[in-house]
Amino acid sequence: MTAVIDASAVRIDNVSRTFGSGSHRVHALDNVSFDARPGEFVCLLGASGCGKSTLLGILAGIDQPSSGTVDVGGRRVGLMFQDSALLPWLTAGGNVALPMKIRGVPKADRRSRVEELLALVRLAGLADKRPHELSGGMRQRVSLARAFAQEVDVLCMDEPFGALDAMTRDLLHDELERIWRESGVTILFVTHDVREAVRLGDRIVLLSSRPGRVAEIFDVGLARPRRIDSPDVAALAVTVTDRLREEVGRHGH
Amino acid sequence: MVTETTVGPNALHKLPVAPAGDVDITLAGLDALETAVEPRPPLALRVWSATWPKLGAVVIFLLLWQIVVWSGWKPSYVLPGPGEALSDLGNRITTGNFWSAAARTLQRALAGYVLAILIGAIVGLAVARFSLIRSAVGSFITALQTMPSIVWFPLAILLFKLTESAILFVVVLGAAPSIANGVISGIDYVPPLLTRLGQTMGARGLKLYRLVVAPAALPSVVAGLKQGWAFAWRSLMAGELLVVVPGHPSIGSDLEDSRQLLDTVGVLAMMMTIFVIGVLVDAAFNAVDRRMRARRGLLLTQSR
Ligand SMILES: Nc1ncnc2c1ncn2[C@@H]1O[C@H](COP(=O)(O)OP(=O)(O)O)[C@@H](O)[C@H]1O
Ligand SMILES: [Mg+2]
């Protein structure tokens with residue numbers, strides 16, 4: 001065996017993805033390239049329709065690029081959807097247990113692990129609740145616990161807090177940051193909210209729209225823990241927002 | 001030595017749970033605010049509130065019937081009143097003949113229904129899964145479903161003579177298309193998001209079907225089963241009137257016997273029996289359906 005020091009957990013290399021053909025052809029992603037280091041928190045920022053979900057789908061292995069490659073070095077990739085996508089016929093615990101059931105983890109192990117994971121997202125003791133009995137924020141936390149139940153090394157999150165009220169979202173930012181630091185997973189976090197990206201990310205990959213390209217990559221470099229309403233975050237958010245507007249503005253004429 | 005800079009696949013096994021802090025307390029507060037549920041009324045009250053409208057409807061129906069009898073539209077030996085019919089039914093249910101006829105009918109219904117479920121499920125799955133099969137037979141299923149079951153009897157009698165098999169044949173043909181259609185539309189309408197979700201968690205093929213597709217399709221499958229039962233029951237009643245197997249009394253043959261003896265009271269009593277069985281089976285399906293919807297948060301009374 002050759003000793004290779006793998007400096008990146010995710011390597012996205014010249015990935016393009018087109019949908020349809022002829023006049024209906026949509027160029028969702030065009031030569032997108034960037035890396036994420038192991039344990040890094042990367043935010044993907046872009047206007048809606050710029051191919052963010054498409055990129056995550058490719059990373060999670062449920063879609064293929066039209067050209068280019070993604071390399072995750074054999075790591076397990078989990079995907080968390082915008083809508084919590086809990087299965088309505090299962091309890092919260094049943095949802096968290098599902099990925100383990102699929103992998104064939106024995107029942108007794110599943111049960112204790114479900115309790116651990118629910119405690120991790122501060123939902124201890126709620127394993128028997130049904131998704132419709134939980135609030136939006138709680139459902140997203142169940143969904144997060146379920147993503148971790150896949151024993152992932154790379155977690156892709158597709159606008160996970162987009163539908164939550166501001167207060168719940170801020171609290172979940174703190175929770176997510178804590179879990180990320182404790183677990184050491186690599187996170188690719190998709191959002192269209194600039195402040196959220198600055199609040200959470202080590203780096204921000206700004207995508208342009210139609211076709212989706214990497215417009216710029218920002219190093220955040222602010223000390224953690226951060227607050228979404230701190231002046232540092234606000235200042236960087238202004239810079240990123242200006243750049244995002246410039247990208248979106250190119251489509252106005 | 002290989003320098004391992006990546007996180008191993010089981011990195012999360014040793015996750016500590018963070019001590020409770022401000023975030024925890026605020027989150028708990030939000031959770032409590034957002035999940036207040038109304039207490040459910042006690043069981044007796046729920047049963048009563050589901051039952052009294054049905055009882056009321058029955059009473060009104062019997063009253064209308066009695067009014068028609070009182071009006072003298074038909075002589076009372078042609079159209080007896082509900083009192084006579086009910087007391088005749090009361091006498092019948094104390095006899096062994098009634099129960100063995102009912103048992104035979106129910107056993108035929110069950111056998112035909114189970115066979116229809118097997119065939120319907122297999123055909124439904126095949127159509128949903130393979131587009132060639134769908135384009136070949138998909139549209140014939142609905143055509144079969146709309147064919148009145150009675151038109152099958154001439155063929156059934158020629159094929160099987162006056163036997164149990166003739167009845168079974170028609171019951172299965174009546175019920176299987178509805179069940180197949182329930183399975184097909186159930187699978188067709190599984191939200192793609194759920195299928196994608198199952199795939200990202202590594203479920204493929206049979207596992208994906210068992211853990212994601214089948215439960216997601218269940219509501220439509222149950223609807224198909226319910227409709228399939230209705231068709232099975234109708235076909236069976238038609239069959240028992242037409243195909244009287246010698247020495248095998250049944251609800252349908254008792255009904256036919258009463259007609260031949262010009263025993264209107266008996267006809268009405270047997271029809272009430274058929275109706276009551278229909279009501280009971282419907283109640284059972286509704287209970288299953290309600291339970292399923294309640295679990296999935298689809299019942300209006302349960303929503304916040
Ligand atoms: N399965 C598909 N078929 C056709 N077009 C698609 C499909 N998926 C996505 N697209 C198109 O690709 C573009 C990017 O979509 P998406 O990745 O969902 O964007 P985002 O998540 O950034 O909002 C959009 O223009 C969308 O219409
Ligand atoms: Mg999207």
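Throughout, a chain's letter reflects where its sequence line sits, starting with A, and its residues are numbered from 1.
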Query raised in the report: Is there side-chain contact between A:Leu87 and B:Leu197, with at least one heavy-atom pair below 4.5 Å?
Result: yes

Query raised in the report: A:Leu126 versus chain B, heavy atoms under 4.5 Å apart: side chain, backbone, both or neither?
Result: neither

Report task. Specify the closest pair of heavy atoms between B:Leu211 and A:Trp89, including all atoms of both residues, with the distance to one decimal. Result -> O-CZ2, 3.7 Å

Query - A:Met167 CE: over 12 foreign heavy atoms closer than 6.0 Å - result: no

Report task. Enter the distance from B:Thr200:OG1 to A:Met80:CE here, rounded to the nearest 0.5 Å. Result -> 12.0 Å

Query - Heavy-atom neighbours of B:Arg291 CZ exceed 12 at 6.0 Å - result: no

Query raised in the report: Does a sphere of radius 6.0 Å around CG in B:Leu206 hold more than 12 heavy atoms from other residues, nucleotides or ligands, not counting ones at 6.0 Å or beyond?
Result: no

Query raised in the report: Relative to chain B, which segment of A:Arg141 carries a heavy atom at a distance below 4.5 Å: side chain, backbone, both, or neither?
Result: side chain

**Report entry** Which of B:Pro215, B:Pro191, B:Ala216 touches chain A most, by non-hydrogen pairs under 4.5 Å
**Finding:** B:Pro215

**Report entry** Point-to-point distance, once rounded to the nearest 0.5 Å, from CZ of A:Arg103 to NZ of B:Lys207
**Finding:** 10.0 Å

Report task. Taking atom NZ of B:Lys226 as the centre, report whether more than 12 heavy atoms of other residues, nucleotides or ligands fall under 6.0 Å from it. Result -> yes

Query - Exceeds 12 heavy-atom contacts within 6.0 angstrom, atom CZ of B:Arg46 - result: yes

Query raised in the report: So does B:Tyr189 have more than 12 non-hydrogen atoms from other groups sitting under 6.0 Å from OH?
Result: no

Query raised in the report: So do A:Gln150 and B:Met201 actually touch side chain to side chain, heavy atoms under 4.5 Å?
Result: yes

Query raised in the report: Taking all atoms of both residues into account, what is the closest heavy-atom pair of A:Ile102 and B:Gly198, and its distance?
Result: CD1-O, 4.4 Å

